[in-house]
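All ligand and atom numbering here is 1-based and tracks the order in the structure. Since this is a predicted model, take the numbers as computed values, not measurements. This chain uses plain numbering: 1 for the first residue, then up along the sequence.
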Amino acid sequence: MALLALRDVSFAYGSETVVNGVSFELSPRDFLCVLGENGSGKSTLVKGILSLLKPSSGEIFMGDGLRASEIGYMPQTTQLQKDFPASVFEVVISGQLAKRGRFRPFYTGLDRASAEEKLDSLGILGLRDKSFCDLSGGQRQRALLARALCAARKLLIMDEPTAGLDPHATEELYGVIRKLNEDGLAIIMVSHDTALAKRCATHILHIGHPGQCGYCGGQRVFFGAASEYYN
Ligand SMILES: Nc1ncnc2c1ncn2[C@@H]1O[C@H](COP(=O)(O)OP(=O)(O)OP(=O)(O)O)[C@@H](O)[C@H]1O
Ligand SMILES: [Mg+2]
C-alpha cells in the first residue's frame, strides 16, 4: 500500500500555476529525490504534501495510517532560521509541537527525553545548550534534522538539507540520512545534487517549469525508478 500518492496535483499562487499536474506514488522505505531548476516548484510541492498549501486541482492520498502531522519536515534554510534566538534544545524540542493537540501546550518529560535522544543519535548532544545562531552550517543542519525527527513517524521530507555545506559535512549528513532510510523511514529529499541522488535515491521526481514542454506547453515531469532516470 502506498504511503503517499499524488494524482494530477497542481498548485497556484493567485492566478499563477507553479506546479502543474504532478503524479507519483511513494511506498514505505522509498527514498525519493526531487530534482528541478530554481523556481520549478519543488518547495511548493513539499508544502502541499505537508498540507500547508491546498492543491488548486488534483488529489493527495495518504495510506498506511500516515497523517500530515506525523511527517518530519526539514525546511529549506532561510536567513531567518539561521538567526533564530533560541538554544539548540529549544529548537529541537519544538519539533514535538506538530504532533500535539491544541489542548497540550506544554512539553512532557517524554517529549524532552525524545528530543535528547534525537540529539544524541545525530552526535550533537554536546551542543544542547548552545545558541542556535552560533552553530556552524553542518551543526545547524543536524539540529534541524533532529527537530524534524521529533515528528517523523514514517516519512521524513527535507528541502535541500545540504545547501551551503562543504563536501565533508555533505557526505556526513547524507550518511545519516541513508541510515535513517535503511532503518525504515521513507524519505523525500529536494536536492540539486544529481550525483548524490544517483547514489541514494530509489526513485526520482524531476519537475520542469510550467509551460516548458515543447510538445504540450505544460510542465515536464519525470517520475520513476532512479535506475530508469539515469539510463
Ligand atoms: N508564497 C508565494 N507567493 C507567490 N509566489 C510564490 C510563493 N512561493 C513561491 N512562489 C513562486 O513559485 C515558484 C516556485 O517556487 P518554489 O519555491 O516552489 O521553487 P523551488 O523549485 O523550490 O526553487 P529553489 O530551487 O530556488 O528552491 C517561483 O516562481 C516562486 O517565485
Ligand atoms: Mg525550494
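With no hydrogens or angles considered, no side-chain donor-acceptor pair links T77 and R140 at under 3.5 Å. At a cut-off of 3.5 Å, with distance as the only test, no side-chain donor of Q141 or T162 sits close to an acceptor on the other residue. At a cut-off of 3.5 Å, with distance as the only test, no side-chain donor of D129 or S87 sits close to an acceptor on the other residue. For Y230 and T194, the side-chain atoms include no donor-acceptor pair closer than 3.5 Å.
Taking any N or O of G41, backbone or side chain, at least one lies under 3.5 Å from an N or O belonging to ligand 1. Residue G39 has at least one N or O atom closer than 3.5 Å to an N or O atom of ligand 1. By the 3.5 Å distance cut-off applied to N or O atoms, E16 is not counted among the residues near ligand 1.
Of the heavy atoms in V18, only side-chain atoms (C-beta onward) come closer than 4.0 Å to ligand 1. When non-hydrogen atoms are compared, ligand 1 lies under 4.0 Å from the side chain of Q76 (C-beta onward) but not from its backbone.
Scanning the protein for heavy atoms near atom 16 (P) of ligand 1, the closest one is T44 OG1, 3.7 Å. Considering only non-hydrogen protein atoms, atom 25 (O) of ligand 1 sits nearest to K42 NZ, 2.7 Å. Nearest protein heavy-atom contact of atom 9 (C) of ligand 1 is Y13 CE1, 3.4 Å.
Here atom 24 (P) of ligand 1 lies nearest to N38 when heavy atoms of D159, V46, N38 are compared. By heavy-atom distance, the residue among G14, S43, A12 lying nearest atom 17 (O) of ligand 1 is S43.
Near H192, with a cut-off below 4.0 Å to any heavy atom, the atoms of ligand 1 are 25 (O). Close approach to E37 involves these atoms of ligand 1, each under 4.0 Å from a residue heavy atom: 21 (O).
At a 4.0 Å cut-off, at least one heavy atom of E160 sits close enough to ligand 1 to count as contact. Close to ligand 1: S40, with a non-hydrogen atom less than 4.0 angstrom away.
Remark: R128 is positioned above the aromatic ring of F89, its terminal NZ or CZ atom under 6.0 angstrom from the ring centre and at most 45 degrees off the axis.
The set of protein atoms (N, O or S) found at less than 2.8 Å from the Mg ion (ligand 2) reads S43 OG, Q76 OE1, by chain and number.
The two residues G41 and I207 have their closest heavy-atom pair at C-CD1, 3.8 Å. Of all heavy-atom pairs spanning F223 and E25, the tightest one is CZ-O, 3.3 Å.
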Practice prompt. Could you walk me through whether K42 and E37 pass the salt bridge (charged side-chain N to carboxylate O under 4.0 Å, His left out) test, one step at a time?
Written response: CA-CA 9 Å; K42 304 179 297 299; E37 295 162 33; over 6 Å; no
Fill in: E172 vs R142, salt bridge (charged side-chain N to carboxylate O under 4.0 Å, His left out): CA-CA, chis, key distance, verdict
CA-CA 10 Å; E172 275 193 353; R142 278 185 184 235; 3.4 Å; yes
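Each of V221, L53, L6, L45 was evaluated against V19; a single residue qualifies, L45, per the side-chain contact (heavy atoms from CB on, under 4.5 Å) test.
Ring orientation note: the planes of F132 and F84 are nearly perpendicular, at an angle over 60° on the 30°/60° scale.
Atom 31 (O) of ligand 1 is not flagged as protein-proximal [any protein heavy atom, distance under 4.0 Å].
Side-chain contact between R67 and E70 is present, with at least one heavy-atom pair separated by less than 4.5 Å. You'll find the side chain of M62 stays beyond 4.5 Å of the side chain of L155, heavy atoms only.
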